[in-house]
Chemist: 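To start, I am sharing the structure in question, which I have written as C-alpha cells.
Sequential numbering from 1 along the given sequence is applied to the chain's residues. Just follow the structure's listing: the first ligand is 1, and inside any ligand the first atom is 1.
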Amino acid sequence: MEEISNFIKTIMINDLESGKATKIMTRFPPEPNAYLHIGHARALVTNFELAKSLGGSTNLRFDDTNPTKEDASFVEAIKNDIEWLGYHPANVFYGSDYFPETYELAIKLIKKGLAYVCDLSQIEVSEYRGTLTEPGKDSPYRNRSVEENLRLFNEMREGKYEEGTKVLRAKIDMASPNINMRDPVLYRIIYTPHHRQGTQWCIYPMYDFAHPLQDAIEGITHSLCSLEYDNHRPLYDWVVRVCEMEHVPQQIEFGRLNITNTIMSKRYLKELVEKGKVKGYDDPRMPTLAGLRRRGITPEAIKAFILASGLSRINSTIEGDMLDHFVREDLKLKANRIMAVTNPLNVTITNYPEGKVETLTAPNNQENEALGTRTITFSRHLVIEQEDFMLEKPNKHYKRLALGLEVRLFNAYFIKANEVKTDENGNIVEVLATYDPATLSGSGFQDRKPNGTIGYVDLSSAKEATFHQFEPLILDDDKETNFIERLNPDSWKTLKGFVENQSYKPYNRFQFIRDGYYVVDEASSDAHLVFNRIVSLKSSFTK
Ligand code: ATP
Ligand code: MG
C-alpha cells in the first residue's frame, strides 16, 4: 500500500520540526447515531495513517453528546468496523465521560463573564442571530450577573427547567461577521436518558463547546475534520483559549468524499433501512462499511481506494468504479479461481461412459503458482453457462460453443456440440456433445485449436448454490429528485446454479473464471451455499 502523503502531513512534519508538536496525536470522533460509511473511511484512513506514518497515535472518541439520537448498538458497530479496517485505536474514549470537566469549564466561563443563561426560545435565538448581511441583536438576558448565571446554570443542571426553556450561551460578539461567533449555545437541556450516563445529566454540551475541550484534554495535536467545520474554527480556538486549556490542539479541515450514484449521508442511510428499502445496514448494496464487508470488499481495497482518491481542501466526487478497480487489484493474485455456473445449461458427453468419474488437477490461480492446485472432476453430465452456447456461430468473434464447433473446457478436454434437445416451448435444455480424450489440458495437445475456452461444472460432484449479483442502489445523481424515487429496482438479482466441489466458508473469496469475484455470504452453510458477487471482472475505469 502506498504511504499516505497530503497537505496535512506537510503541516504535521513542519510542526514536528519546529517543536510545536513532539508526538502526533489524532482522533476519529464518530457520533454513535448510525453505521459508518465509506465517507467515514476517508476520515479514518487519514487520521490513522497520518499518525502511524509519523510515529504518532490515534484515539477513537465517541462524540456522544446528544442522547436523543445515539445508541449503544451503534457504538459496538462502529468499533467493529474500525477493527475490520485494521485500525487499533490507542484509546477508546467517550465524549460523555468528560461531562464533569466540561461542566466545570462552563462555570469557569460564567465566572469570567464569558457565558450566560439565556431564556430565549430556539426560534428566538436564531431570529436574534441575524444573517450573513445583518448583524445579530443582543439577547435581553445577555447582561445577567455572574451570580444569577451561576444559580440558573446550577438549576438547569438540577432539572428545574423544561427542555427548550433555557440554554447556556457564550458571550462573544453578536455583530461578528462569522455567525458561529454570535453568542453560540454551549449547553442545552435534554431529559432523554443517555446510553452511557443514564439520567446523571439533563444538560448536554454542544459539539462546538465539547469537541475542542475533549481534544485539549486528550492532547490531540491535529484535530482533523471535514470542510463544513471551516467556519467553526474561530470558535474552536476561542473555547480552547478562554478555558485556558494547557494543551492547544489545532483544527485542520479536509474535503469530504462523495461517490457517484451513492448516497452517503447517515440520515439517508437510516431512511433506507427504516423504510425497508434494503435488508439492513449490512445489505451488500449499502455504502456502509458493514455493507461493503458483507459484499466481500476487502479492507485493503478500501484503504488503497481512499489513498488513491487523494485529500485536499475541497470536497471531491469519485467514480464508484474506482473502488471496484482496487478490489480487483487486491483479489487478482489472492483469490482462488474456480468454476461456477450461474445460468446452467446441461451438457451430456455422449461418448463418456455413464457412472465414470475422472479427477483432474487445476491450478488455483494461473497468475500465482504459490496458491497451488486443486482437484476437479469430469464425467458424462456437465453444466455450462447458457450464454456460452448458441445454435450457430454468429460471427468470427464468437469464441464459445455452437453446434458443430469444438471448445476447450477449462482444465479439461475439448468438447464438440453435435445436437440439442428442446422443451415443448423450443427452449434448449440440453446439449449433446462428444469429447476428445487426446486433448486433456496440460497434455501438450497441439493438433488443432478450439473455438475458445469455457467453464463448466461436473454434476457428479457439483454443489448447488445461490448467487446474488448487485447493481448500484441509486440510478443517477439528479439531486432534484428525492433519492427514494431514484432507487434502482434491479439492484439485486438472484441466480441459482452450481459450483465445483470445494470447501466454502463464510467470507472466503473466489474468482469465478470469466465472471467476477465472489464472497461466500455470512449466512451461507454447506446445506445452502450462498455467494455474493463482489465485482464483475470487467471495468470501465482505467487508473
Ligand atoms: P454524515 O454527514 O454522513 O451524516 P457526520 O459527519 O455527521 O456524517 P460523524 O459521525 O460526525 O458523521 O463523522 C465522524 C467523522 O467522519 C467526522 O470527522 C466527519 O467529518 C467525517 N466524515 C463523515 N463523512 C465524511 C465524508 N463523506 N468524507 C470525509 N469525512 C467524512
Ligand atoms: Mg457530524
Side-chain angles (χ1 to χ4, degrees), residues 4 6-8 26-51 58-66 68-71 73-79 81-82 85 87 89 92-96 195 206-208 210-212 214-215 218 220 222-233 236 249-274 281 286-292 302-303 305-318 320 322-323 474 477 483:
I4 192 162
N6 56 45
F7 74 101
I8 300 177
T26 60
R27 88 287 168 265
F28 175 70
E31 183 172 3
N33 60 356
Y35 278 58
L36 298 181
H37 52 61
I38 180 96
H40 290 110
R42 169 176 279 187
L44 273 162
V45 170
T46 302
N47 278 295
F48 279 93
E49 295 292 336
L50 281 175
T58 305
N59 290 343
L60 167 60
R61 185 202 311 139
F62 288 99
D63 169 26
D64 58 348
T65 51
N66 183 356
T68 63
K69 293 190 293 174
E70 297 156 8
D71 180 328
S73 72
F74 294 129
V75 169
E76 290 315 309
I78 290 171
K79 280 186 191 164
D81 287 347
I82 295 174
L85 267 189
Y87 293 126
V92 179
F93 290 131
Y94 296 82
S96 63
H195 64 90
M206 301 298 289
Y207 174 89
D208 279 333
H211 204 83
Q214 296 161 0
D215 284 344
E218 287 177 19
I220 302 303
H222 300 79
S223 175
L224 315 182
C225 61
S226 42
L227 212 50
E228 69 272 20
Y229 292 101
D230 179 38
N231 53 16
H232 292 240
R233 188 170 2 103
Y236 182 101
Q250 175 186 2
Q251 175 180 306
I252 303 172
E253 308 85 26
F254 58 81
R256 285 177 89 89
L257 170 70
N258 299 303
I259 299 179
T260 53
N261 285 11
T262 307
I263 46 140
M264 241 152 25
S265 177
K266 286 174 173 175
R267 192 161 56 87
Y268 294 145
L269 297 178
K270 227 182 173 112
E271 197 175 329
L272 287 173
V273 172
E274 282 166 6
Y281 279 105
M286 289 280 270
T288 50
L289 295 183
L292 298 173
I302 292 175
K303 289 189 212 171
F305 164 72
I306 296 290
L307 291 176
S309 73
L311 190 75
S312 72
R313 282 210 77 228
I314 45 171
N315 295 333
S316 52
T317 300
I318 308 285
M322 189 170 147
L323 176 58
I474 303 286
D477 283 332
F483 77 97

Chemist: Out of E31, H37, H40, who gets a non-hydrogen atom closest to atom 3 (O) of ligand 1?
Modeler: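 Heavy atom nearest to atom 3 (O) of ligand 1 belongs to H37.
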
Chemist: In terms of atom number and element, which parts of ligand 1 are under 4.0 angstrom from non-hydrogen atoms of S265?
Modeler: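 Ligand 1 atoms under the 4.0 Å threshold to S265: 3 (O), 4 (O).
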
Chemist: If you measure from NZ on K266 to OH on Y35, what distance do you get to the nearest 0.5 Å?
Modeler: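 It comes to 13.0 Å.
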
Chemist: Looking at R42 and L311, would you say the former's side chain and the latter's main chain have a donor-acceptor pair under 3.5 Å?
Modeler: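 It does not hold such a pair.
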
Chemist: Backbone or side chain, does any N or O of C225 fall under 3.5 Å from an N or O of ligand 1?
Modeler: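 Checking ligand 1 against C225, no N or O pair falls under 3.5 Å apart.
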
Chemist: If you measure from atom 6 (O) of ligand 1 to every heavy atom of M264, R256, K266, which option wins on shortest distance?
Modeler: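 That would be R256.
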
Chemist: Working to the nearest 0.5 Å, report the span between CG of L323 and CD1 of I259.
Modeler: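 Those atoms lie 6.5 Å apart.
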
Chemist: List ligand 1 atoms under 4.0 Å from F254, heavy atoms only on the residue side.
Modeler: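 With F254 as reference, the close atoms of ligand 1 come out as 29 (C), 30 (N).
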
Chemist: For the residue pair N47 / T58, report whether a side-chain donor-acceptor contact shorter than 3.5 Å exists.
Modeler: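 No pair is found: no donor N or O on one side chain lies under 3.5 Å from an acceptor on the other.
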
Chemist: Under a 4.0 angstrom heavy-atom cut-off, which atoms of ligand 1 come close to F28?
Modeler: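 Listed by number with element: 15 (C), 16 (O).
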
Chemist: Would you tell me which option among P29, A43, A34, P32 has the nearest heavy-atom contact to atom 21 (C) of ligand 1?
Modeler: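 Checking each option, the heavy atom nearest atom 21 (C) of ligand 1 is found in A43.
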
Chemist: Where do E218 and R61 land on the salt bridge (Lys or Arg N to Asp or Glu O under 4.0 Å) test, with the steps shown first?
Modeler: CA-CA 10 Å; E218 287 177 19; R61 185 202 311 139; 2.9 Å; yes

Chemist: Does the structure place the NZ or CZ of K79 under 6.0 Å from the centre of the six-membered ring of F62, at an angle of no more than 45° from the ring's axis?
Modeler: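 No.
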
Chemist: For S226, is at least one N or O under 3.5 Å away from an N or O on ligand 1?
Modeler: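 Yes, S226 has an N/O under 3.5 Å of an N/O on ligand 1.
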
